[in-house]
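Report on one structure; see the data block that follows.
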Amino acid sequence: MKCKKCKSTAAIELKRHNAAFCRSHYLDFFDHQVERAIRRQAMFSIQDKILVGVSGGKDSLSLWDYLLRKGYTTTGLHIHLGIGDYSSNSYAATTEFAEQRKAKLITVNLEESYGMTIPLLSNTIRRVPCSGCGLSKRYILNKEAYDRKFSVVAMGHNMDDEAATLLGNVLRWQVSSLARQSPALPSNGNNLISRVKPLYTMTEREVAANAILRGINYVEEDCPNSVGASSILYKEALDSIELRSPGTKHNFISSFLENVRPLMEVSQEDFELRECDNCGQSTTSRTCSFCRMWDQAREKANITIK
Ligand code: SF4
Ligand code: ZN
Ligand code: ZN
C-alpha cells in the first residue's frame, strides 16, 4: 500500500476516501479535514476564547492538541467523575498532556463540588450511570464556560459518536434531541454558550490514528459503564453497515444535517427557555434537570455541600 501523495509506504488506509497515506501526509490530511469542518460550520475564529472538554481519551486530546498547534486560545476542562481507576487514569493522562504543553487546565471534581461520584449518584437515584453522567458533563461544561466568560465550548465527539447518537434519536424519534443535534450549536445570546464538535467528520479509527502517529499519550481503557450502553450497540450496527458500504456513516450524518435538520429548527423555537430558579442556567421548567437530579440524589443520600 502506497501513500496517495508521495508513493512511500502508507501508514493508514482510508477505504471511505479510497486512499492511503504515509504518517506525514496522514497528519496533514487530518488537520485539513478538521480545519474544513471548523470553517464550513463557522465554529469559531482565532479571536474566540475556547473551553475544551477533555476526558483524557484520544478524541479530546487530539482536539486540544490541534487547537494548541494552530494557535487558538484554549483552556481544558476536565471533569473528575470518580469512576475508580478509569477516572484516576483519565485525570493523569489529562494533567500530563497539559503540563507537557504548558496549557491551562481546570478540573472539576464531582465529589468535591457536588457531593457525589457518578457511581454513587446513579446508585442513589437508580438511573443508569451514563444518563446522569452525560447530563452532568453537558451542564458543567456550559456553566463553567459561562461563569468564566468563554465564548465557545469545544468537544471531541467524532463521527462514530455523532452517527450513534443520531441513530438512537431516530430509533426513538426524539424530535427535541434531533433538533439540537448539530456539530455547531450557536449561543442563545444569554447563558447557553456556543457548543462545537470539530472532529465530527473524522471516524474513531481516524482520530485514534492521529493520536498514535502524533505520540499523544491518551487513556486507552474505556469507562466500565460503557459496557452494554446502547450507544455501543448502535456503533456496532453502524460499523457492520459501513463495512459492507463504506461512507454510510458520513452520508447518514451529512444528509441529516443538510436535508432534515433545517426543517427541525422550527420545532426548536417551540422551546421557551427561562432561567433555573436554583442556578440561573437555561431551562424549560422552573428548575433545570441538573439541579433537580442532584438535589434529589443529595437529599436521598443525606449529603450537604458547602
Ligand atoms: Fe459517563 Fe457513561 Fe461515558 Fe462512563 S460511559 S464516562 S458513565 S457517559
Ligand atoms: Zn506521503
Ligand atoms: Zn439549575
Side-chain angles (χ1 to χ4, degrees), residues 1-14 19-30 32 53-60 78-91 93-94 108 110 113-114 116-123 125 127-144 146-147 155-158 160-161 164-165 168 191-192 209 213 219 221-235 273-298 305:
M1 225 176 16
K2 301 276 181 223
C3 170
K4 181 183 171 179
K5 296 273 179 187
C6 69
K7 308 294 174 219
S8 67
T9 307
I12 180 167
E13 184 185 15
L14 303 180
F21 295 104
C22 66
R23 177 185 179 277
S24 143
H25 284 120
Y26 177 70
L27 294 178
D28 287 350
F29 167 83
F30 180 89
H32 179 69
V54 224
S55 66
K58 62 184 183 318
D59 304 302
S60 56
H78 177 76
I79 304 175
H80 197 302
L81 305 167
I83 308 176
D85 287 349
Y86 167 72
S87 285
S88 319
N89 296 339
S90 303
Y91 176 69
T94 306
V108 174
L110 278 190
S113 301
Y114 296 96
M116 287 186 189
T117 60
I118 286 297
L120 181 57
L121 173 79
S122 73
N123 281 340
I125 57 172
R127 222 164 125 165
V128 287
C130 296
S131 128
C133 181
L135 168 63
S136 301
K137 287 193 285 196
R138 276 193 304 279
Y139 173 92
I140 292 168
L141 264 171
N142 187 73
K143 181 160 190 337
E144 293 291 330
Y146 177 71
D147 289 349
M155 298 186 299
H157 294 60
N158 59 46
D160 295 70
D161 299 325
T165 305
N191 51 14
L192 268 185
L213 295 174
V219 174
E221 71 193 274
D222 289 325
C223 171
N225 296 321
S226 65
V227 180
S230 45
S231 58
I232 303 287
L233 176 68
Y234 302 148
K235 278 184 183 176
L273 291 177
R274 62 189 300 278
E275 286 182 5
C276 168
D277 285 349
N278 191 28
C279 71
Q281 287 284 293
S282 289
T283 176
T284 47
S285 48
R286 286 178 68 98
T287 315
C288 74
S289 43
F290 177 88
C291 288
R292 279 202 309 271
M293 178 179 75
W294 279 91
D295 283 348
Q296 186 204 353
R298 283 188 294 256
I305 49 166

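None of the values given here were measured: they were computed from a predicted structure. Counting convention: from 1, in listed order, for ligands and their atoms alike.
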Nearest protein heavy atom with distance in Å, relative to atom 3 (Fe) of ligand 1: Lys137 NZ, 3.8 Å
Atom name, His25 (N, O or S, nearest to the Zn ion (ligand 2)): ND1
NZ/NE/NH1/NH2 to OD/OE distance under 4.0 Å, Lys235 and Asp161: yes
Neighbour count above 12 (heavy atom, 6.0 Å) for Tyr139 OH: yes
Degrees at the Zn ion (ligand 2) between the SG atom of Cys3 and the SG atom of Cys6, nearest 10°: 110°
salt_bridge(Arg292, Asp295) N-O dist < 4.0 Å: no
With sequence neighbours excluded, residues passing side chain to side chain donor-acceptor pair (under 3.5 Å) with Arg286: Asp277
Side chain proximity check, Leu110 to Lys137, heavy atoms < 4.5 angstrom: no
Flag for Asn278-Thr287: side-chain donor and acceptor within less than 3.5 Å: no
Test item: Ser87 side-chain N/O and Gly84 main-chain N/O as donor-acceptor pair under 3.5 Å: no
Under 2.8 Å from atom 4 (Fe) of ligand 1, the protein N, O or S atoms, given as residue and atom: Cys223 SG
